[in-house]
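First up is the structure itself, then whatever we jot down about it.
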Amino acid sequence: MKKILSIWLLVCWVLVSSAQEQDSMRQRMDSLQRELQEMKMKELVLRNALNESGRDAREDSLRKAEQKHRIDSLRKVTPGVPLIIEGDTLLYIYTSLGGDDPAHRVEAVARKVTQIGKSLKLTTDSMHIFVSEYTDDVMCGEVVIVRVSDLDGLWNGMSRRELAEEYLKILSLEIERLHADYGLKAKLTGLGWAVFLIVVQVLFFMLTARFIRYLRHLIVEGVDGRMKPLVVKGYELMNIHQQKRILLFLTRVLQVFLVLLQLFISLPLLFSIFPETEKFTWNMINYVWSPLRDMVVSIVRYFPNLVKIVVIVYVVRWVLKGLRHLSNEIAAERLKIDRFYQDWARPTYQIVRIFIIAFTLVVIWPWLPGSESGIFKGVSIFVAALFSLGSTTTIGNLISGIIITYMRPFLVGDFVRIGDQEGEVVEENAFVTRLRDIKGNLVTVPNNSILSQQTVNYTAAARDGKGSIVHSSFTFTYHVPRETVEAYLLEGAARCKLLEKNPKPFVLYTALEDFYTQYEINGYTKETARLFAVYSELHRNIIDVFHEHHLDPTSSHFIKVTEVK
């Protein structure tokens, strides 16, 4: 019984144990299945995540490739904004950042680099790169000098980090260079050199003043025995005192020249010590060098035209010399040309000379320096307008002088009457004619007025014919016989030594008035230069004859009653 019970219990226990094991196995299987499902889900999630990340990476890669291609094409037409500090181009910025366009970014970077580099104290160890999520910042201490974005890297063909490191290297070197030129050490060194140059320049001024005093003392006291008056062909052109004054003046000029030369050398050196004033050095040098350089360049470029002008002027000069020699030969009557008077020689030469010179100016005008400039043309037009408007009378006198020359109404030395003026012609030029009257006064008559007035040439009549006739009128009452008056007038004329004897003087009856007869005595004379003396002698002799015969050459409008009876 016990065995049966034990066996039964054993069987029951085995059955229970197997049932429990089956349950635990089932539970374990369920757990494994759940874990497998979770792992499958995770696998699906991971695969989806991997698919998504791969697609994003491919899209980012394609997007970046497209941006790079677009930037490469834009770089060919977009020059970028250069960062220039004191004439040196450091880098280029192509893109905007944070609302600032490339120009404003470059301006800000230049201002910060200049401010940091020119500070009296500087530690370049403070230069570093600060990396943020979107930019890499190149900084000096707490100051951000430039921000570098991914787009900046793409424009420069490198990563953002690489571009920031390159910017850091470039800007560090530039800041160190600026500090070396503008820092405290550079200022102290420049101040020392400036003091040295000023002291040296003052010493040179003192030496120059002492040298000039020595020269003046030598001129005043040391050359008395060695200086002689400057004499040219017996005429004392300059005495010793005048020579000393000129030499003393030249010493003043030499002193001013030496001082200006020293300042021209020392001032640029002084200004070039400090970078802040260095530009004044080049300005001062350019003020002197630029005109000299331009002058030399202009002369070199103008030299071919100058040769042409010299050749033309030289040929014209010899042509004028030949014409002047021909004119002198005609004027001296060594060369005679039919119907060409000797007094025409010099005026003709002057007219031809003017035309040749004018033609020469027309030929060389395009080769004159600056002839194509607007200023040159404006001045030429102004001078021409001024000449034409202001010289109407002058041109009229000139043309009248030419006409008078070839009309030959008188010659120099002729005694003429022009309008109300009488006198000897002492000068005849292109604009005026000058007469010397009987009182010795010099009368100037414009040539323009000569053509509009009556001209009488007494000398021409005496030179070409019997002589010039002088005449004078006298009146006598009718009770004086005509024969008596005529005889007395001819007797007075016969006594005149300045009248010609052949042809003989003659009397004309010029008027028969109510109470008297008017007689005119006429005589020939060749002393036309002394007409006033001829008239004076004629009148004196006639009065003497009348007085000798007790005849009064007067006519009265009143008749006495006794005479009527």
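The figures here come from the full heavy-atom set of this structure, side chains too, leaving out hydrogens, waters and symmetry mates. Every value quoted in this text rests on a predicted model; they were computed, and no experiment measured them.
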Inset, instruction - State, to 0.1 Å, how close Arg301 and Pro304 come at their nearest heavy-atom pair, and which atoms those are. - result: O-CD, 3.4 Å
Legend entry - Student check: side-chain heavy atoms of Ile175 and Met127 closer than 4.5 Å: yes
Inset, instruction - Work out which heavy atom in Val81 is nearest to a heavy atom in Pro102; give both atom names and the distance. - result: CG2-CB, 3.6 Å
Legend entry - Any Val443 side-chain heavy atom under 4.5 Å of Arg434 side chain: no
Inset, instruction - Would you give the length of the straight line joining atom CG of Asp88 to atom CD1 of Ile170, rounded to the nearest 0.5 angstrom? - result: 12.0 Å
Inset, instruction - Using modelled atom types only, decide if a donor and an acceptor are shared between the side chain of Ser327 and the backbone of Leu323 within a distance under 3.5 Å. - result: no
Inset, instruction - Verify the distance criterion only: is there a donor paired with an acceptor across the side chains of Asn328 and His325 at less than 3.5 Å? - result: no
Inset, instruction - Decide yes or no for Ile129 and Arg161: does some side-chain heavy atom of the first lie under 4.5 Å from some side-chain heavy atom of the second? - result: yes
Legend entry - Glu424 vs Asp414 side-chain heavy atoms within contact, under 4.5 Å: no
Legend entry - Heavy-atom pair with the smallest gap, counting every atom of Ile212 and Thr251: CD1-O, 3.7 Å
Legend entry - Asp137 versus Ser132, side-chain donor and acceptor atoms under 3.5 Å: no
Legend entry - From Thr135 atom OG1 to Asp150 atom CG, the distance as rounded to the nearest 0.5 Å: 9.0 Å
Inset, instruction - Return yes if some donor-acceptor pair links the side-chain N/O of Asp100 with the main-chain N/O of His104 below 3.5 Å, else return no. - result: no
Inset, instruction - Evaluate the side-chain proximity of Leu83 to Tyr92: yes if any heavy-atom separation is below 4.5 Å, no if none is. - result: no
Inset, instruction - Check step by step if side chain to side chain contact (heavy atoms under 4.5 Å, CB included) holds for Val143 and Met139. - result: CA-CA 5 Å; Val143 178; Met139 304 181 65; over 6 Å; no
Inset, instruction - Could you tell me whether a side-chain N or O of Lys112 sits under 3.5 Å from a main-chain N or O of Val144, the two making a donor and an acceptor? - result: yes
Legend entry - Heavy-atom closest pair, residues Gln453 and Asp420: OE1-N, 4.5 Å
Legend entry - Gap separating the OH atom of Tyr134 from the CZ atom of Arg147, nearest 0.5 angstrom: 13.5 Å
Legend entry - Value rounded to 0.5 Å, distance of CG in Asp136 from CG in Leu163: 9.0 Å
Inset, instruction - Decide side chain to side chain contact (heavy atoms under 4.5 Å, CB included) for Val319 and Ile356; before the verdict, give the C-alpha distance in whole Å, the side-chain angles of both, and the deciding distance to 0.1 Å. - result: CA-CA 9 Å; Val319 170; Ile356 290 177; 4.3 Å; yes
Legend entry - Within 6.0 angstrom of Phe205 CZ, more than 12 heavy atoms from elsewhere: yes
Inset, instruction - Could you walk me through whether Ile116 and Ile145 pass the side chain to side chain contact (heavy atoms under 4.5 Å, CB included) test, one step at a time? - result: CA-CA 10 Å; Ile116 295 171; Ile145 300 177; 4.1 Å; yes
Legend entry - Glu427 atom CD, over 12 foreign heavy atoms within 6.0 Å: yes
Inset, instruction - Answer yes or no: is there a side-chain heavy-atom contact under 4.5 Å between Val416 and Val456? - result: no
Inset, instruction - Inspect the surroundings of CZ in Phe532 and state if more than 12 heavy atoms from other residues, nucleotides or ligands are less than 6.0 Å away. - result: yes
Legend entry - Neighbour count above 12 (heavy atom, 6.0 Å) for Arg245 CZ: no
Legend entry - Heavy-atom check, side chain of Arg353 versus side chain of Ile357, under 4.5 Å: yes
Legend entry - Interatomic spacing from CD in Gln421 to CG in Leu435 - rounded to 0.5 Å: 7.0 Å
Inset, instruction - Report yes if the side chains of Val109 and Leu91 come closer than 4.5 Å at any heavy-atom pair, otherwise no. - result: no
Inset, instruction - Determine the minimum heavy-atom distance between Pro82 and Thr89, stating which atoms define it. - result: CB-CG2, 3.9 Å
Inset, instruction - Start with the C-alpha distance between Glu166 and Lys169, add both sets of side-chain angles, then the distance that settles salt bridge (charged side-chain N to carboxylate O under 4.0 Å, His left out), and finish with yes or no. - result: CA-CA 5 Å; Glu166 183 177 351; Lys169 185 188 300 182; over 6 Å; no
Inset, instruction - Check the pair Val432 / Val445 against side chain to side chain contact (heavy atoms under 4.5 Å, CB included), numbers first and verdict last. - result: CA-CA 6 Å; Val432 296; Val445 183; over 6 Å; no
Inset, instruction - State the CG-CZ distance between Leu254 and Phe249, to the nearest 0.5 angstrom. - result: 12.0 Å
Inset, instruction - Write down the atom of Leu97, the atom of Ser149, and the distance for their closest heavy-atom approach. - result: CD1-CB, 4.1 Å
Inset, instruction - Scan side-chain atoms only and decide if Gln262 and Thr208 contain a donor-acceptor pair under the 3.5 Å cut-off. - result: yes
